[in-house]
Enquirer: 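To start, I am sharing the structure in question, which I have written as structure tokens.
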Amino acid sequence: MTAAQASWDLDAALQSVDGDRELLVEMAELFLQDSGQLLAEIGQAIQTGDAAALHRSAHTLKGSVSNFVAREARETALQLEMMGRSGDLTGAPARFNALITEMQRVETDLSEFARAT
Amino acid sequence: MKVLLAEDEAIARLKMEKILTKWGYEVVSAKDGPAAWAILRGPDPPSLAILDWMMPKLDGVAVSRIVRKRTGYPYTYLIMLTARGGHEDAFLAIEAGVDDYLVKPVDPEHLRSRLNIAHRVLDLHEQLSNTREQMRASSAEGPIPGLLNRESILAALERELLRTRRGGTPVGVLMAELDRFRNVSETHGRTGASAVLAEVGRRLRSALRATDSLGCLGDGEFLIVAAECHPGQAAPLAERLRLRVSAEPICVTLQDGETEEISVTMSLGTFDVQRDADTDSAILLSEVQKAMQQAKRDGFDRVCAVGAPSKDAVPLLVTA
């Protein structure tokens, strides 16, 4: 896999933890534990049309993927956060599908990183 | 150094905890605003806090506002974390009282330099409060506004006695005590007692010349050193002070907001020091104290003089 295809930026993420690879692995493991729950909360908020809950849960997931400089996932989560904030959830299901796909890529990459380290 | 880390997002919290610990900080973590506030107002609170803006229940801005509103705590340096591209407005955070803000994800080098600023500011705050404490301790003013403390009034007495020994300038020494002052404290509490002492201090001062020294020896106990006070003048001066203090009741506002009028009287002892007198301050103070106690034994609210005036006493020169 080339750098352009990676769902996250290892170098930038490493820099953000002061070069502590072990800590980054620990963070990745925590992410893999929690990410399913975070996604489920976003899905539920969209399903029930709860804009405030979407705003909050998308913000949390955005923060979570930011730790790994996963730009694509972060951008998609930000769009959902903004939709939750504006109260207009029209495009939310489509963005949510895109988020699920991207999150799968991030999870695969991060579990590979955790295993390899 | 202890630092509070308030961050609801688990991965960012883990990351910051580890990095700060590696840098030698003792990290106390909170997952939301109320938990952060509980730590900041708890025993031995950290003086440095890193607060995430968006937190459940109480956000970082709200926590900053509460911290800045409180009084009686040492300064807390607040660093706010904001999300990049978010709608959070840094100015709002600054207006809420934060000292600094950083955009997430936080770059460690950046954080480290900002923490250096925090240390510099906290060091300055500590120096400032130490200096203020020292000034308060070394201030010549005692617990009553405008009055010298015990140490300073005794120093003033020594200075005047030295003048007497050198140049023969007579000096009058007056010791005064409020009658049954303990009753005032017991009935009206510390607030009432302090207000009474402040007013008595004002009344005494207003009846003295600028060259006279007035100080507080203890609770309700005063010492007056009247410079160039000729033999026989100390007792009339004491009488004037006695009348001034008890002239009218003292109106005080108590802690519960009630106002009350408190009547006080004062017993005084005086000692005229002449050029040929024994001018050792310890003996002098003991003599004047005996005189004051005699005034109390005689029924309070009066003056008792020792150090009988010599035959060449001059007319009263003391004016209010």
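Not measured: the values here are computed from a predicted model. Reminder, nothing fancy here: chain letters follow the sequence lines and each chain counts from 1.
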Enquirer: Taking CZ in B:R68 as the centre, count heavy atoms belonging to other residues, nucleotides or ligands within less than 6.0 Å. Is the count above 12?
Expert: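 More than 12 within 6.0 Å, yes.
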Enquirer: With rounding to the nearest 0.5 angstrom, report the CD1 to OG distance, B:I19 to A:S16.
Expert: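 So the CD1 of B:I19 and the OG of A:S16 are separated by 6.5 Å.
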Enquirer: If I take atom CD from residue B:E9 and atom CG from residue A:L30, how far apart are they, to the nearest 0.5 angstrom?
Expert: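 Answer for the CD-CG pair, B:E9 versus A:L30, is 8.0 Å.
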Enquirer: Do the charged groups of A:D20 and B:K18 touch, with an N to O distance under 4.0 Å?
Expert: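 Answer for the salt bridge query: no.
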Enquirer: As an exercise, state the distance from CE of B:M54 to CD of A:E81, rounded to the nearest 0.5 Å.
Expert: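 So the gap between those two atoms works out to 5.0 Å.
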Enquirer: How far apart are the closest heavy atoms of B:D107 and A:Q15, and which atoms are they?
Expert: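 Heavy atoms only, the tightest pair is OD1-NE2, 3.6 Å.
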Enquirer: Working to the nearest 0.5 angstrom, can you tell me the gap between B:I11 CD1 and A:L38 CG?
Expert: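 Reported to 0.5 Å precision, the distance equals 7.5 Å.
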Enquirer: Write out all pairs satisfying salt bridge (Lys or Arg N to Asp or Glu O under 4.0 Å) with one or both partners inside residues 30-40 of chain A, taking only residues at least two apart or from two chains.
Expert: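 Those involving residues 30-40 of chain A do not exist here.
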Enquirer: Take a 6.0 Å sphere around NZ of B:K22 and say whether it holds more than 12 heavy atoms from other residues, nucleotides or ligands.
Expert: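 Enclosed: over 12 neighbouring heavy atoms sit under 6.0 Å from NZ of B:K22.
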Enquirer: Going from NZ on B:K15 to CG on A:L24, what distance comes out if it is rounded to the nearest 0.5 angstrom?
Expert: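 Nearest 0.5 Å value for the NZ-CG distance: 9.0 Å.
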Enquirer: To the closest 0.5 Å, what do you measure between CD (A:E29) and CG (B:L14)?
Expert: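 The distance works out to 10.0 Å.
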Enquirer: Is atom CZ of B:F181 surrounded by more than 12 heavy atoms (other residues, nucleotides or ligands) closer than 6.0 Å?
Expert: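 Result for CZ/B:F181: enclosed.
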